[in-house]
Amino acid sequence: MKKVLLLATACASLSMAGAQTIRNGNFENWNAVTFDRLDSWKTSRDENPEVPAVIKTSDSRSGSAIKLETVDFKGEAQFGFFTNSGGNPIEGEGGAAYSQKPTAISGYYKCNIVAGDSAIFLVIFKKQGAILDMKLVKFAGTRTSFTQFTLPLTLSATPDSVVIAAASGNVEAGDNPPVGSTITFDDITLSGPGITQQLDNGGFDNWT
């Protein structure tokens, strides 16, 4: 008897569903999101194109620059980031091939960081998965014009890869950074005796 009642209930439910109109049942309605994608890097826009937390900007030292912003998306704070890592850059995963020993990495930035928040820039050099050197710098306050930052590097051996990452909010502080922090980066370069290798698209000029 119980099986009969269950079967009857299921049939009734299917009958009601068949009487209703399925939204977009003909698959005619689609949403398209168009955005500039940064060549040779992964950004938060690649993970969710609808969230405008990474944009190409002509407000640069030369050519184009990359602007990161922590934005509100459907009631949730989302920070902008870019990285050349295929995994978690904080854990030193992934990275791009690199085989010279620079003594410094430099770049330019301008920012408007919400009080209590900080943007970050991270660089990690590795050899066979082992970290040779790691530097993390935090940015706070407001800079209305491009300002240079330089991080000294001390590599005990020639690396085989480098991991770069940056974010508009302090990712170490949790999953709910304050909305409104912005930072723009341009012209990231490596320097030192005999250095000829640079980061691919380190000037953020090439977008698709």
Side-chain angles (χ1 to χ4, degrees), residues 37-47 53-54 56 60-68 79-111 113 117-140 143 146-175 177 181 183-208:
R37 185 185 185 280
L38 181 63
D39 295 353
S40 303
W41 300 85
K42 175 185 176 182
T43 76
S44 53
R45 207 74 191 266
D46 296 310
E47 291 193 348
V54 173
K56 172 186 176 182
S60 63
R61 294 185 69 246
S62 62
S64 300
I66 184 169
K67 182 177 181 180
L68 313 179
F79 59 80
F81 73 83
F82 69 85
T83 182
N84 67 352
S85 169
N88 184 347
I90 300 297
E91 301 295 330
E93 296 175 354
Y98 195 85
S99 57
Q100 293 185 338
K101 290 178 66 177
T103 56
I105 183 169
S106 302
Y108 291 84
Y109 76 100
K110 60 191 305 184
C111 67
I113 308 298
D117 192 17
S118 58
I120 66 165
F121 181 88
L122 171 73
V123 56
I124 301 174
F125 282 90
K126 301 185 299 177
K127 183 173 184 177
Q128 296 178 347
I131 294 177
L132 299 176
D133 195 10
M134 178 174 67
K135 294 292 190 301
L136 173 69
V137 60
K138 296 182 179 182
F139 305 92
R143 295 278 185 173
F146 278 101
T147 303
Q148 187 177 37
F149 68 94
T150 300
L151 304 177
L153 301 169
T154 305
L155 303 181
S156 57
T158 301
D160 58 24
S161 60
V162 58
V163 176
I164 304 288
S168 61
N170 184 4
V171 296
E172 297 176 316
D175 297 329
S181 292
I183 187 164
T184 302
F185 288 100
D186 203 2
D187 295 338
I188 307 297
T189 58
L190 294 158
S191 60
I195 295 301
T196 57
Q197 278 184 275
Q198 292 297 332
L199 301 170
D200 193 12
N201 198 21
F204 309 112
D205 293 326
N206 301 321
W207 299 70
T208 300

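Just the heavy atoms: all of them, side chains too, but no hydrogens, waters or symmetry mates, feed the values below. Source: prediction; values computed, not measured.
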Side chain to side chain contact (heavy atoms under 4.5 Å, CB included) between T103 and L153, worked out: CA-CA 5 Å; T103 56; L153 301 169; 5.6 Å; no
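- Taking 4.5 Å as the limit, every side-chain heavy atom of V54 sits out of range of all side-chain heavy atoms of F81.
- Listed for the S168 side chain is a donor-acceptor partner under 3.5 Å among the backbone atoms of G80.
- Between the NZ atom of K42 and the CG atom of N84 there is a distance of 11.0 Å, given to the nearest 0.5 Å.
- The aromatic ring centroids of F139 and F149 lie less than 6.0 Å from each other.
- Using a 4.5 Å heavy-atom threshold, the side chains of F121 and I188 count as touching.
- A side-chain donor-acceptor contact under 3.5 Å links K126 to the backbone of G94.
- Annotation: the span from F204 atom CZ to L38 atom CG amounts to 6.5 Å, rounded to 0.5 Å.
- The closest donor-acceptor contact from the side chain of W41 to the backbone of A165 lies at 3.5 Å or more, if one exists at all.
- In this structure the side chain of V162 reaches within 4.5 angstrom of the side chain of L199, judged on heavy atoms.
- The backbone N or O of S60 lies less than 3.5 Å from no partner atom in the side chain of D186, so there is not a single donor-acceptor pair.
- Here the CG-OG1 distance, from L190 to T196, works out to 10.5 Å after rounding to the nearest 0.5 Å.
- With F125 as the fixed residue, the side chain to side chain contact (heavy atoms under 4.5 Å, CB included) test singles out one of P102, S156, S161: P102.
- Between the side chain of D117 and the backbone N or O of N170, at least one donor-acceptor pair lies under 3.5 Å.
- The backbone N or O of D39 sits less than 3.5 Å from a side-chain atom of N201, completing a donor-acceptor pair.
- Interatomic distance, OH of Y108 versus CZ of R61, reported as 4.0 Å (0.5 Å rounding).
- Note that the CD1 atom of I183 and the NZ atom of K110 stand 11.5 Å from one another [nearest 0.5 Å].
- Looking only at distances, a side-chain donor or acceptor of T83 sits under 3.5 Å from a matching main-chain atom of I164.
- Classification of the F185-F82 ring pair by plane angle, with boundaries at 30° and 60°, yields perpendicular.
- Here the NZ-OG1 distance, from K135 to T154, works out to 5.0 Å after rounding to the nearest 0.5 Å.
- Formation of a donor-acceptor pair under 3.5 Å by the Q148 side chain with backbone atoms of S106 is not found in this model.
- The closest donor-acceptor contact from the side chain of Q197 to the backbone of Y98 lies at 3.5 Å or more, if one exists at all.
- The environment of K127 atom NZ is sparse: at most 12 non-hydrogen atoms of other residues, nucleotides or ligands sit within 6.0 angstrom.
- For D133 (side chain) and L155 (main-chain N/O), no donor-acceptor pair under 3.5 Å exists by modelled atom type.
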